[in-house]
There are 4 protein chains.
Amino acid sequence: MKAKTDTRRYILETALQLFLVKGYKDVSYQDLMQKTGLSKGAIYHHFASKEDILVSVFEFFVQAGEQPRGPSPEEIVKDFASFKKLLLGIRREQFAHFRKMMGGKPLRFNKMLFFLEAIVENKKLKKPVDALMKQELLFLEQCMRGMQKNGKLGKKQDIALLARNLFWMMQGAEAMLFFMSGDAKEKEFIKVYADTLEDFFSMFNF
Amino acid sequence: MKAKTDTRRYILETALQLFLVKGYKDVSYQDLMQKTGLSKGAIYHHFASKEDILVSVFEFFVQAGEQPRGPSPEEIVKDFASFKKLLLGIRREQFAHFRKMMGGKPLRFNKMLFFLEAIVENKKLKKPVDALMKQELLFLEQCMRGMQKNGKLGKKQDIALLARNLFWMMQGAEAMLFFMSGDAKEKEFIKVYADTLEDFFSMFNF
Amino acid sequence: MKAKTDTRRYILETALQLFLVKGYKDVSYQDLMQKTGLSKGAIYHHFASKEDILVSVFEFFVQAGEQPRGPSPEEIVKDFASFKKLLLGIRREQFAHFRKMMGGKPLRFNKMLFFLEAIVENKKLKKPVDALMKQELLFLEQCMRGMQKNGKLGKKQDIALLARNLFWMMQGAEAMLFFMSGDAKEKEFIKVYADTLEDFFSMFNF
Amino acid sequence: MKAKTDTRRYILETALQLFLVKGYKDVSYQDLMQKTGLSKGAIYHHFASKEDILVSVFEFFVQAGEQPRGPSPEEIVKDFASFKKLLLGIRREQFAHFRKMMGGKPLRFNKMLFFLEAIVENKKLKKPVDALMKQELLFLEQCMRGMQKNGKLGKKQDIALLARNLFWMMQGAEAMLFFMSGDAKEKEFIKVYADTLEDFFSMFNF
DNA sequence: AATGAATGAGCGTTCATTCAT
DNA sequence: AATGAATGAACGCTCATTCAT
């Protein structure tokens, strides 16, 4: 029983690694066999189909990236510096997490693309992706509100608007990084986030 | 002679349509045969390989989307309204153009994703994509400068910074639209652009 | 386990048969499927590629033709009669061996041609073919030496020279048989060997 | 009319070149188009099919290799030296002939293999090949007879037997050269012939 | 005489999946 | 829980050939 769980998780980790590097479509059972060292039958024993693997991997990915609920961002974020520190810290933790189980290989597909491919292959994954996005958006809003409370943003600033703009900018910037460099490294990603944050707030002469 | 050019172009149009709808990887010669009504051999007579089709389609796509050079955006754009009008006008024209040759089918892959897949499949396409992006960025900068000249942006505003932020925001927003609705319509795209523009400038209390 | 070995060997036997009859290039997976009754996938399960089949068939062919090491030819061969008996006996055994696993079908490609095609398709097979040839040459030398010991060849005769000449004659004669009759039978082959031997030694007025 | 003949001959020369280098089966119309610079249609205008090209090329090959009838070999050959000189001279001429129209490319298929492939592809070519072989055999017999007349071979020597043996030896040796070195050069071929001749006659203590 | 557009069968290979063991 | 034998459909691509111009 324990063994079963272990093998299942082992397959998921390996599959996620492959999906992020080659993309779902380009990962074959051949690849999975080679990388896991397991037989085709063994994989089929744990997952009904390739699509089943994708769905399970996605759940695994989401859950692995979940942050332990600490104090609300609204309370933590007091100014731009603490905002930046919090956000980059979270990204670093997430990256470290995936890095660890991926043996340091350079990622080729970023999160957004992984999401997109997942949705394209399985419509059921659309909903959780939406949820994740909204969650991130909400997170940014809470951060903004924290700054507003501390007088770093005017009382009349539309928090939701700013959050949405920043969110889209970050998404766009992250995607851009992929266009420029197919094999981006964690450090580069972090830099892109940091730069985007600076860019965003420098528009307001922070 | 006439036939050759026509058939070649016909194949390109059909392929572009399929690529934008299903993605390059998921389009097979089977699909191309069915959609064009031509035999496999006929297609191979005009294009050496599937990758050759991709590259040619890409060139075709780029060239088809090119704007006739009119007066500089710097001169046209006088305020937010004229900026918005110009940008949405261009987008509308581009969409109309592609719509026309795609028979009104709903797009599934936006430009960014088409670019990304192209790059992933053929490294040679990286350079033209980069060029296109820089061109769009430059266009936005020129628009910003036009506004600045007319006192709609402070003299000290960093034009390049603003352009970059807007560009990323628009990219992110466009991508988001795809996440939300796999089969987005032209109207929705235009709305996203318009909203993003509004969002961006409303941050400065325009 | 048993099944795998059996199927693999079964494919090899069938492939050898087809290669000897039609030539490697002209044997398609279609042919292999039809003749074996297996699916394409099944064959690919056992062999990575067509070339892999060729290499494996070649090894199989060589190993199947190997003679059990008995007493040295030098000791067995005492005169022309015993030489002829030994050589034809070996050829007969080899033929019988291949016949058996080929269901009595008339051969179309002789050994030399099979070798050549193998080399042309896969350079790695050049070495084993060379080795086989040298081995046969050595065998003939040892036979000659046996005759020399028994005074059937002059002390001063160049054993290596005679062996080489005979070897080439036999190769040439065997090839000729193929030109004359594309579908040569075992009996004809044996006759060609016998005649060539007679021809060779009759030059010395044996 | 003259043009027609010229193009036809040009195609034949090019095809022969390709056949000798790659083998009939491996030469495609693609190759022929590329090498000739002509269109597919143009080649089909002159030859009904690929097999038609083969047959025509074969005739061309045979006729191109024909020797102008001079004095009978029986009269020319007086001893081993003159025999060797005559035979090697003829071979050299033949090689020079083919070399000239092949631009110095190393041959990969020797005559015997070219013949064999031709026969395999078209049964009608069997007869002319047989005729050619018999002609060569006859030539060797006449040479032997010339030597016999001059007392260089015993009166009782069986001329036909010796000729046949030599012929086979030379065929075998030539084939061997191909096994050893896939891309044999003219000089090597000539050496093989010379060596074989020496070998053959040294058996009689010439 | 020559072009090149178009065909359709066939090639070797990869794929996700099933199933008996 | 795990193996690996077997399947059949699909893939991108090459081929010799036909035909209108």
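To find a chain, count down the sequence lines: A is the first, B the second, and so on, and within it residues start at 1. The shown structure was predicted, so the numbers you read here are calculated from the model rather than taken from an experiment.
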Exercise. Does A/Thr7 make a side-chain N or O approach to OP1 or OP2 of F/dA1 shorter than 4.0 Å?
Worked result: no
Exercise. Can you find a pair of side-chain heavy atoms, one from D/Tyr10 and one from D/His46, that are under 4.5 Å apart?
Worked result: no
Exercise. Does E/dT7 have a Watson-Crick or wobble partner in any strand here, with both distances under 3.5 angstrom, and which is it?
Worked result: F/dA16
Exercise. Atom CD of B/Glu121 to atom C1' of F/dG12: distance rounded to whole Å?
Worked result: 13 Å
For this session: Could you check how far CD of A/Gln34 sits from C1' of E/dC15, rounded to whole Å?
Result: 15 Å
Exercise. So, C/Tyr29 versus C/Tyr44, ring centres under 6.0 angstrom or not?
Worked result: yes
Exercise. What are the two closest non-hydrogen atoms of D/Glu117 and D/Gly23, and how far apart are they?
Worked result: OE1-CA, 3.4 Å
Problem set entry | Assigned partner base of E/dA1, Watson-Crick or wobble definition, under 3.5 Å | none
Problem set entry | Contact nearer the 5' end of DNA chain E, comparing D/Ile43 with B/Leu38 | D/Ile43
Problem set entry | Interatomic distance where OH belongs to A/Tyr10 and C1' belongs to F/dA1 [whole Å] | 15 Å
Exercise. Taking only N and O in the side chain of C/His46, is any of them less than 4.0 Å away from OP1 or OP2 of F/dG4?
Worked result: no
Exercise. How long is the line joining CG of C/Leu32 and P of E/dT13, in whole Å?
Worked result: 11 Å
For this session: Would you sort out whether A/Glu59 and A/Leu12 count as a side-chain contact (heavy atoms from CB on, under 4.5 Å), showing the intermediate values?
Result: CA-CA 10 Å; A/Glu59 286 165 3; A/Leu12 283 179; over 6 Å; no
Exercise. Roughly how many Å is it from CG in A/Asp6 to C1' in F/dA2, rounded to a whole number?
Worked result: 15 Å
Exercise. Given E/dA2, is OP1 or OP2 found less than 4.0 Å from the side-chain N or O atoms of D/His45?
Worked result: no
Polar atom pairs (N or O), protein with nucleotides 14-18 of chain F, under 3.5 Å:
from, atom 1, to, atom 2, distance (Å)
F/dA16, OP1, D/Val27, O, 3.4
F/dA16, OP1, D/Lys50, NZ, 3.0
F/dA16, OP2, D/Tyr29, N, 3.0
F/dT17, OP2, D/Tyr44, OH, 3.2
F/dT17, OP2, D/Lys50, N, 2.9
F/dT17, O5', D/Tyr44, OH, 3.4
F/dT17, O4, D/Lys40, NZ, 3.4

Exercise. Hey, which of C/Tyr24, C/Phe114, C/Phe19 is the one that makes ring pair (Phe, Tyr, Trp, His ring centres under 6.0 Å) with C/Phe61?
Worked result: C/Phe114
For this session: Would you please test D/Leu32 and D/Leu38 for side-chain contact (heavy atoms from CB on, under 4.5 Å) and show each step?
Result: CA-CA 8 Å; D/Leu32 285 168; D/Leu38 292 167; over 6 Å; no
